[in-house]
Amino acid sequence: CAKDQGRNTYHYFKPEMDVHALERLMLENALRRAIERDELVLHYQPQVAAGDSRLLGCEALVRWQHPELGMLQPVQFIAVAEESGLIVPLGDWVLDAACRQLAQWQAQGRDLVMAVNISALQFCQSGFVDSVRRILAATGADPRKLELELTESALMQPTPEVLARMNALCELGIRLALDDFGTGYSSLAYLKRLPICRLKLDRSFVKDVPDDLEDVAIAMATLSLARDLGMDVVAEGVENEIQRAFLAERGCPVMQGYLFSRPLPAAELQRWIDAWSGATA
Ligand code: C2E
Ligand code: MG
Ligand code: MG
Ligand code: MG
């Protein structure tokens, strides 16, 4: 982690700005207002056990319900959020909303894990662990049911500070997962030093199994590395039965992808869960 970053001021138009800079500025200011006006929503994508297809939990994925443009996807605004520092308040909003949903599931007697994406910039704020603590206290969510998905960029230099921060989260009972595994540049040697429970095999490696032999090699290497290090693996982007069967046969314990469900709004997820538990009971 570098020093605390993240700015919290509106930026203004300057005459020398080109049209792209102007568009970004408008997007940035609109996003800032969107966070203040609660225009963000979470969708939830199921994660299921490879063995018996039991629902284990969900990943929370943010969307922006724009008053004129409709539902915007992360690809349309996360980069601007990262570059402007808005990912920090956005990430706090997401964590709070996800923990509220988690507490609601607990109150309904549903034993599910909530996975939340944490950006590197957000993780590197010196107040990050405190804000997680504050949100857990405010929502009453069970930290043992919360999983934070970090990317390799957040952990590229596992300084003592990064390690201490990860350990503090683990001491709260939170589980840490490494998202988009295989797409970053972190050293494998770090994996043994970091308190990570789970690797998320990036969907770019899942897409063409079993036909692409290089992807097969990467998927199998990830599975065996995780097994030897005592970690769990989630395959992302499982879209068809061939991919599912191939990965399950090779010991991948958890699956996530359109084969099971797209990310759904909370109410639709509720209906999905009812239908799914009926079908797999
Ligand atoms: P991610 O964390 O790797 O999330 C998985 C992405 O893969 C999601 O895209 C999900 O909808 C998509 N996906 C899941 N299953 C399939 C499948 O079977 N096929 C295909 N083609 N795609 C699938 P989404 O929701 O558009 O999010 C994209 C990325 O945006 C996320 O990737 C994550 O990096 C980022 N993101 C989303 N929500 C948040 C958030 O709350 N905070 C932060 N910091 N980043 C977020
Ligand atoms: Mg993720
Ligand atoms: Mg991912
Ligand atoms: Mg991804």
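The basis for the numbers below is simple: all heavy atoms, side chains too, and nothing from hydrogens, waters or symmetry mates. Just follow the structure's listing: the first ligand is 1, and inside any ligand the first atom is 1. One is the number of the first residue; the rest follow in order along the sequence.
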Exercise for review: Could you tell me whether some N/O pair between Gln73 and ligand 1 is separated by less than 3.5 angstrom?
Suggested key: no
Practice item. Heavy-atom distances under 4.0 Å are what count here, so tell me which part of Val62 touches ligand 1: side chain, backbone, both or neither. Key: both
**Study point:** Min heavy-atom dist Glu59 to ligand 1 below 4.0 Å
**Key:** yes
Exercise for review: Would you please classify the geometry between the Trp272 ring and the Trp276 ring as parallel, tilted or perpendicular, with 30° and 60° separating the classes?
Suggested key: parallel
Review point. So which bit of Arg203 gets within less than 4.0 Å of ligand 1, heavy atoms only: side chain, backbone, both or neither?
Key: side chain
**Study point:** Met231-Leu163 co-clustered via ILVMFWY side chain contacts under 4.5 Å
**Key:** yes
Point to revise | Common cluster, Leu69/Val80, ILVMFWY with side-chain heavy-atom separation under 4.5 Å | key: yes
**Study point:** Under 4.0 Å to a heavy atom of Asp180 - the qualifying atoms of ligand 1, by number
**Key:** 3 (O)
Review point. If you count the atoms of ligand 1 from 1 in the order shown, which ones are under 4.0 Å from a heavy atom of Val94?
Key: 41 (O)
Point to revise | ligand 1 contact on Lys200 by region, counting heavy-atom pairs under 4.0 Å | key: neither
Point to revise | Minimum side-chain heavy-atom gap Leu56-Arg54 below 4.5 Å | key: yes
Review point. Is Leu223 linked to Leu188 within one hydrophobic cluster, defined over Ile, Leu, Val, Met, Phe, Trp and Tyr using a side-chain heavy-atom separation of less than 4.5 Å?
Key: yes
Review point. Taking only heavy atoms of Glu236, which atoms of ligand 1 are found under 4.0 Å from at least one of them?
Key: 3 (O)
Check your understanding: Below 4.0 angstrom, N of the basic side chain to O of the carboxylate: do Glu36 and Arg33 qualify?
Key -> no
**Study point:** 4.0 Å heavy-atom contact, Pro263 with ligand 1
**Key:** yes
Point to revise | Interatomic spacing from CG in Asp111 to CD in Gln106 - rounded to 0.5 Å | key: 8.5 Å
Study note, to complete from the structure: Near the Mg ion (ligand 2), meaning under 2.8 Å, the protein N/O/S atoms are Glu59 OE2, Asn117 OD1, Glu149 OE1, Asp179 OD2
Exercise for review: Answer yes or no: does an N/O atom from Asp179 fall short of 3.5 Å to an N/O atom of ligand 1?
Suggested key: yes
Check your understanding: Does any N/O atom on Gln122 come nearer than 3.5 Å to any N/O atom on ligand 1?
Key -> no
Review point. Would you call Gln256 a ligand 1 contact, heavy-atom distance under 4.0 Å?
Key: no
Review point. Is it true that His43 lies under 4.0 Å from ligand 1, counting heavy atoms only?
Key: no
Check your understanding: Can you find a pair of side-chain heavy atoms, one from Phe123 and one from Leu148, that are under 4.5 Å apart?
Key -> no
Review point. Heavy atom under 4.0 Å from ligand 1: found in Asp202's side chain, backbone, both, or neither?
Key: neither
Check your understanding: In terms of atom number and element, which parts of ligand 1 are under 4.0 angstrom from non-hydrogen atoms of Glu239?
Key -> 17 (C), 18 (O), 19 (N), 20 (C), 21 (N)
Review point. Do Leu86 and Phe77 have side-chain heavy atoms sitting under 4.5 Å apart?
Key: no
Check your understanding: Hey, which of Ile87, Asp92, Val88 is the one that makes side chain to side chain contact (heavy atoms under 4.5 Å, CB included) with Leu90?
Key -> Ile87
Review point. Is there a side-chain contact between Leu95 and Ser131, using heavy atoms and a 4.5 Å cut-off?
Key: no
Check your understanding: With respect to atom 18 (O) of ligand 1, which of Tyr258, Phe123, Phe260 exhibits the smallest heavy-atom separation?
Key -> Tyr258
Exercise for review: Using distance alone, with no hydrogens and no angle criterion, decide if Lys207 and Gln243 have a side-chain donor and acceptor under 3.5 Å apart.
Suggested key: no
Exercise for review: Output the distance between atom OH (Tyr44) and atom CE (Met114), rounded to the nearest 0.5 Å.
Suggested key: 4.5 Å
Check your understanding: Counting each atom of ligand 1 from 1 as listed, which ones have a heavy atom of Ser119 under 4.0 Å away?
Key -> 44 (N)
Point to revise | Ile174 reachable from Leu199 in the ILVMFWY side-chain graph, under 4.5 Å edges | key: yes
